[in-house]
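Structure record follows, encoded as structure tokens.
Lettering follows sequence order; numbering is per chain, from 1.
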4 protein chains.
Amino acid sequence: MSGKARVRARRMPRAERERQMLDAAVRVIGRHGYQAASMDEIAEAAGVSKPLVYLYLHSKEALFTACVEREARTLIAAISEAVGQRDPADGQLWSGLLAFFRYADERADGWRVLHVQARTHGEPFARLADTMRARVLGFVTALLTSAARAADGTRDLGEHELTGLAHALVGAAESLATRAADDPALTPTASARTLMDFAWTGLGGLVAGERWS
Amino acid sequence: MSGKARVRARRMPRAERERQMLDAAVRVIGRHGYQAASMDEIAEAAGVSKPLVYLYLHSKEALFTACVEREARTLIAAISEAVGQRDPADGQLWSGLLAFFRYADERADGWRVLHVQARTHGEPFARLADTMRARVLGFVTALLTSAARAADGTRDLGEHELTGLAHALVGAAESLATRAADDPALTPTASARTLMDFAWTGLGGLVAGERWS
Amino acid sequence: MSGKARVRARRMPRAERERQMLDAAVRVIGRHGYQAASMDEIAEAAGVSKPLVYLYLHSKEALFTACVEREARTLIAAISEAVGQRDPADGQLWSGLLAFFRYADERADGWRVLHVQARTHGEPFARLADTMRARVLGFVTALLTSAARAADGTRDLGEHELTGLAHALVGAAESLATRAADDPALTPTASARTLMDFAWTGLGGLVAGERWS
Amino acid sequence: MSGKARVRARRMPRAERERQMLDAAVRVIGRHGYQAASMDEIAEAAGVSKPLVYLYLHSKEALFTACVEREARTLIAAISEAVGQRDPADGQLWSGLLAFFRYADERADGWRVLHVQARTHGEPFARLADTMRARVLGFVTALLTSAARAADGTRDLGEHELTGLAHALVGAAESLATRAADDPALTPTASARTLMDFAWTGLGGLVAGERWS
DNA sequence: GATGAATGAGCTTTCATTCAT
DNA sequence: AATGAATGAAAGCTCATTCAT
């Protein structure tokens with residue numbers, strides 16, 4: 001017989017059960033994808049029966065939304081806590097990058113749910129993910145701006161240019177984080193260092209007036 | 001009856017029919033996702049009956065594989081053709097970036113199939129996409145290496161560092177390309193310029209021995 | 001949160017609770033139908049938890065049976081009380097009709113449970129409804145018989161004919177009662193008068209020997 | 001093993017299969033009721049697989065609607081054809097009643113679908129049934145009106161009174177038809193005669209000015 | 001007397017896939 | 001070369017019912 005070792009899940013307050021269900025859902029959806037993840041599988045992974053999942057989370061969509069929201073909150077919180085508000089801009093950027101790569105490392109399924117699944121399955125979810133990304137982007141742009149101002153440059157960077165940089169940086173970070181899931185050499189620290197060196201020297205050069213064009 | 005004016009497309013050589021089917025599949029899968037795309041919809045979009053799709057492409061998986069392979073070939077070919085083998089390294093990088101952003105712009109569905117769908121639906125497809133990505137990555141690494149060597153730097157970059165850079169660069173490019181689909185201001189040229197400026201000055205700084213750490 | 005101000009109704013003697021539950025069940029079943037009425041909805045309408053409903057009424061079938069029985073008893077009682085045993089036959093018929101139409105008007109949900117739901121959901125319930133109907137039918141037949149005898153007719157009506165008449169009369173009454181639920185012009189008095197005029201002149205004619213055949 | 005003697009239903013043009021499915025659906029729904037009838041059971045009764053039912057009839061609601069529409073059309077057609085337009089009013093009424101009782105006798109399940117199920121399951125269906133009933137009612141009212149006019153009465157019947165009569169007559173007919181399903185003595189002819197005698201003498205009396213009040 | 005927590009069973013619906021022509 | 005007819009298998013969701021407190 002395959003599986004089904006579940007021995008009648010013990011009674012448990014609702015809040016705790018819900019957390020279990022979200023954990024299971026993130027795990028299953030992160031690995032198999034939203035569509036491929038069946039409610040049966042999620043329920044089994046949570047150690048409960050399907051009706052209970054529906055009783056608490058109401059529908060597959062609602063369950064997915066709850067997952068995305070929780071992971072977005074968790075990631076934003078991790079970054080926010082890591083970034084000391086009084087540090088200089090470069091220190092803040094470093095801490096933020098490190099916190100981000102650590103989240104993606106420790107909660108690989110959560111990161112996949114956020115970065116891959118939420119973006120791939122239509123309006124309600126994509127918007128949630130976009131909102132979170134926009135917050136990160138704004139944060140990074142602000143840091144870059146203040147860093148550029150602090151630097152004793154010969155040329156001011158336009159807002160447009162700074163936004164472009166922030167986009168590129170965030171994109172690179174996302175890509176590295178995703179790649180890191182398959183490559184054990186890419187530790188959170190290593191990823192953060194690679195990006196930080198690159199971003200910092202790049203920014204320095206741009207402020208100094210260098211361009212390729 | 002509404003619509004369905006399709007006039008039972010007449011007999012047609014197999015190769016051409018297959019191309020039609022792949023076009024339809026890329027369109028439908030790119031828009032709705034692999035799982036959400038039904039063979040019914042693909043067959044209808046291709047203007048043929050479902051059994052014909054099965055006769056030629058055998059299964060949904062095989063059809064998807066064919067799509068991914070074709071788009072990967074197309075993208076690699078576009079980049080290869082754009083990059084003149086005799087140009088200096090920076091010129092080659094620029095041309096390659098431009099070709100990439102143009103592909104993603106002109107074949108938005110194809111790009112989504114390659115970058116989003118293939119990565120999201122398990123082994124057989126993810127490997128295909130990774131193979132293609134590895135080729136692009138190798139190519140970029142080589143360019144960066146030769147550019148770094150050409151620059152009159154005070155410090156040689158290790159292979160490890162160069163690979164990290166290439167990863168970040170490719171990641172940023174992918175991210176920008178995806179973002180560009182929703183933002184008309186992000187033309188292929190603009191995207192390429194943003195990245196090129198950043199990469200070039202960054203590389204220059206690194207070669208000059210600058211680091212953040 | 002919307003509504004749900006129910007303040008966990010306090011302890012209460014069993015008989016009263018049961019009545020509440022039956023009231024709720026008749027209301028819900030009368031409106032949505034037996035199958036569509038969920039035990040959840042009934043429990044909520046009764047202001048108690050589902051297990052309590054099961055504790056007192058045992059199952060959905062038993063609950064429905066109890067509803068049908070109570071409504072049947074109520075209707076029979078209303079008619080019996082209205083009909084004075086010593087009045088002449090026509091007066092009794094009139095009072096009975098009026099009582100019937102009043103019941104159907106005041107307890108519309110109960111009437112629907114009896115006339116529509118009980119007949120539509122298989123043996124155990126249909127038999128209950130039929131039993132009640134048979135009692136009404138017997139009563140009407142008796143009235144018509146005694147009225148026919150009292151009339152100074154040229155021709156005696158056979159039992160068969162009288163039964164047919166009773167059937168038609170009861171059927172017409174049921175139909176009018178159901179129709180009255182949607183048509184405010186059909187007051188109990190109006191319905192009773194329509195039927196009484198028709199029945200009385202019809203009976204008179206038949207006794208006088210008239211036939212269409 | 002229980003049932004499943006179906007030996008792979010032979011291929012068949014769509015129209016014919018659809019008819020089979022409607023036959024099966026009317027049979028199953030007429031016997032078990034709309035809610036209790038499962039698509040599985042209907043498909044099996046039709047001798048096909050469930051997906052085919054969905055392919056042709058789209059949903060349970062649509063299937064039910066199709067049943068109700070077909071039965072309504074059939075009943076109206078049966079009555080219309082039976083009633084010779086040039087006969088006198090009483091002859092027309094007789095023929096119509098006979099046709100009605102024959103329909104209810106020969107297509108008992110269809111009659112139940114129309115009279116019981118359609119009325120019991122909410123708006124979309126109830127409206128269909130009401131529309132059909134209204135047509136019958138209008139027809140009967142017209143006949144009664146012309147018959148009353150033809151009779152050499154001392155008193156004209158008001159429109160209101162005639163409508164009430166028609167309602168009662170139709171209601172009695174419906175009730176008799178339903179009752180006839182369980183009582184073999186109630187042949188179509190017997191039912192029609194009972195009603196015709198009653199209606200005719202009643203109408204005669206009313207026209208002659210008799211009332212109970 | 002009363003309830004929050006939990007489930008087995010079943011329903012409607014959809015989809016990839018094949019058969020017969 | 002091409003298709004109308006048909007299905008096995010599974011997915012999302014709901015419901016009557018019970019357990020433990």
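The side chain of A:Tyr54 places no N or O atom within less than 4.0 Å of a non-bridging phosphate oxygen (OP1 or OP2) of E:dT7. For C:Arg14 and E:dA2, the shortest distance from a side-chain N or O to OP1 or OP2 is not below 4.0 Å.
A distance of 6.5 Å separates CG in D:Leu57 from CE in D:Met21, rounded to the nearest 0.5 Å. Annotation: the span from C:Arg112 atom CZ to D:Thr120 atom OG1 amounts to 10.5 Å, rounded to 0.5 Å.
Of the residues B:Arg17, B:Glu18, B:Glu16, the one that meets the side chain to side chain donor-acceptor pair (under 3.5 Å) test with B:Gln20 is B:Arg17.
Between D:His121 and D:Phe64, the ring-plane angle classifies as perpendicular under the 30° and 60° cut-offs.
With hydrogens and angles left out, the side chain of D:Lys50 and the base of F:dT7 share no donor-acceptor pair within 3.5 Å.
Residue order along DNA chain F, read from the 5' end via each residue's closest nucleotide, puts B:Leu52 first among C:Ser59 and B:Leu52. Positionally, the nearest nucleotide of DNA chain E for A:Tyr56 lies more toward the 5' end than for the other of D:Ala36 and A:Tyr56. Both B:Pro51 and C:Lys60 sit near DNA chain F, but only B:Pro51 has its closest nucleotide nearer the 5' end.
Atom C1' of nucleotide E:dT12 and atom CZ of D:Phe64 are separated by 16 Å, given to the nearest angstrom. For B:Met39 and E:dT14, the CE to P distance is 19 Å, given to the nearest whole Å. Between the CE atom of A:Met12 and the P atom of F:dT21 there is a distance of 13 Å, rounded to whole Å. Between C:Asp40 atom CG and F:dA16 atom C1' there is a gap of 9 Å when expressed in whole angstrom units. Put simply, CZ on D:Arg17 is 14 Å from P on E:dA20, counting in whole angstrom units. Between A:Leu55 atom CG and F:dT18 atom P the separation is 18 Å, expressed in whole Å. Rounded to whole Å, the distance from CD on C:Glu18 to C1' on E:dA2 is 15 Å. Between the CD atom of A:Glu44 and the P atom of E:dA6 there is a distance of 17 Å, given to the nearest Å.
Which of E:dA20, E:dA2, F:dC13 sits closest to the side chain of D:Arg11 comes down to E:dA20.
For DNA chain E, each stem of at least three Watson-Crick or G-U pairs (distances under 3.5 Å) is given as range with range: E:2-21 with F:2-21.
Counting only heavy atoms from C-beta outward, the side chains of C:Glu71 and C:Met132 never approach each other to under 4.5 Å.
Residue contacts for D:Ala37: at a heavy-atom cut-off of 4.0 Å it reaches the sugar-phosphate backbone alone, with no base atom in range.
The salt bridge (charged side-chain N to carboxylate O under 4.0 Å, His left out) pairs that include a residue from residues 54-70 of chain D are D:Asp23-D:Arg70, where partners are two or more places apart or lie in different chains.
Ion pairing between a basic and an acidic side chain is recognised when a charged N comes within 4.0 Å of a carboxylate O; D:Arg127 and D:Asp130 show no such pairing.
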